[in-house]
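Quick notes on the structure that follows.
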Amino acid sequence: MGEREASSSQIWEKGSPVAKLDDAANVRGRRFALAAIEAQPWDYAATVGDGLKLTFGWARHDYPKHSVSRLYEFPVDTRTQPGYPLMQGQESAAVVAYAGPGPTGSIHGPYAGWLRTYQDWIFVRGPVLAFILLLGLTALRRRERLDAALAWSVAAGLLMVPLLTADFDYRYILPATSSACVAAALATRRTRPSEAGEGESSAERRAPVPAEPR
């Protein structure tokens, strides 16, 4: 028995019964997913937990497999991008019009080498992302920081929705990190005196000051 494929293979792999953009495939996929969760709730929770471990882990891993994770890195050799068909079996006309079918990239040194070294060492580690999210979480307890709470909710949704509905993927962390940083910055910034009075109504600001008795 070989190693089990990642959960996302049920969606993207060729031959999958749900890899079609039609109502019937959507109904079948939803029915199967709900039945699997109902029959194996603890396994479902464990799968989500595995995704959280990958999200907040210190190191990066080749997930869901090396052939996928390498696509997110600057390459050593030039490669021709294959003309990946979309779920309906056709290439996007916009992609073909922009770059042609299966464009070949180019690598220019020494800049490409600098970028490859950078990507191996400089990235947001999982515990650092967790700390940033904790900073933003303080905004949920402070009603005056609703802007930070909104940014934090966006970050949490970008991280959790893929884990709950499809699978973990490193590409989902990038937009979530941006929103989490915005939430942390807004939650921890100090309120200036000029901003403290912005909550007063215009009527209160226009109200005349009673004259002192002579």
Side-chain angles (χ1 to χ4, degrees), residues 1-72 82-95 124-134 136-137 139-141 146 148-184:
M1 180 180 294
E3 185 178 353
R4 182 178 179 182
E5 295 286 342
S7 300
S8 55
S9 64
Q10 301 292 329
I11 303 174
W12 304 112
E13 292 295 330
K14 294 181 180 179
S16 172
V18 298
K20 297 179 181 179
L21 291 177
D22 58 54
D23 293 338
N26 187 54
V27 171
R28 288 195 303 268
R30 182 173 62 246
R31 185 185 301 120
F32 172 78
L34 294 177
I37 294 173
E38 183 178 357
Q40 299 174 293
W42 296 112
D43 292 330
Y44 172 69
T47 301
V48 175
D50 290 340
L52 290 174
K53 291 179 182 178
L54 291 170
T55 301
F56 299 111
W58 179 259
R60 287 184 174 177
H61 304 276
D62 287 334
Y63 190 89
K65 50 188 176 182
H66 179 69
S67 60
V68 175
S69 62
R70 68 187 292 267
L71 296 176
Y72 305 151
Y84 287 115
L86 299 181
M87 299 179 88
Q88 290 179 318
Q90 299 177 351
E91 283 189 298
S92 171
V95 174
V124 178
R125 302 278 182 174
V128 176
L129 176 59
F131 177 72
I132 295 173
L133 286 169
L134 287 176
L137 187 61
L140 299 181
R141 301 182 61 182
L146 296 180
L150 175 61
W152 188 91
S153 300
V154 171
L158 290 172
L159 288 176
M160 292 304 301
V161 170
L163 297 181
L164 295 171
T165 60
D167 195 6
F168 168 83
D169 199 297
Y170 283 107
R171 70 178 184 268
Y172 300 134
I173 297 180
L174 184 60
T177 300
S178 302
S179 298
C181 289
V182 171

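Keep in mind that this is a model prediction, so the values were computed, not measured.
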Nearest heavy atoms of A176 and A155, plus distance in Å: O-CB, 3.4 Å
Qualifying salt bridge (charged side-chain N to carboxylate O under 4.0 Å, His left out) pairs, either residue in residues 38-51, two or more places apart: none
Residues in side chain to side chain contact (heavy atoms under 4.5 Å, CB included) contact with I37, at least two apart in sequence or another chain: Y44
For the student: nearest non-hydrogen atoms of S179 and V154, plus distance: OG-CG1, 3.6 Å
Pairwise salt bridge (charged side-chain N to carboxylate O under 4.0 Å, His left out) hits with a residue in residues 51-66, at least two apart: E13-K65
Pairs meeting criterion salt bridge (charged side-chain N to carboxylate O under 4.0 Å, His left out) with involvement of residues 151-178, two or more places apart: D169-R171
Partners passing ring-ring contact (aromatic ring centres under 6.0 Å, His included) against Y170 (at least two apart in sequence or in another chain): F168
By side chain to side chain contact (heavy atoms under 4.5 Å, CB included) - contacts of P127 (at least two apart): W58, R125
Pairing residues for R30 by the side chain to side chain contact (heavy atoms under 4.5 Å, CB included) criterion, not counting sequence neighbours: N26, V27, L34
Interatomic spacing from CD1 in I173 to OG in S178 - rounded to 0.5 Å: 12.0 Å
From OG1 (T177) to CG (L159), nearest 0.5 Å: 7.0 Å
Counterpart residues, side chain to side chain contact (heavy atoms under 4.5 Å, CB included), relative to L52 (two or more places apart): F56, M160, L163
Trace of the side-chain contact (heavy atoms from CB on, under 4.5 Å) decision for V128 with I132: CA-CA 6 Å; V128 176; I132 295 173; 4.2 Å; yes
Side chain to side chain, L133 and W152, heavy atoms closer than 4.5 Å: yes
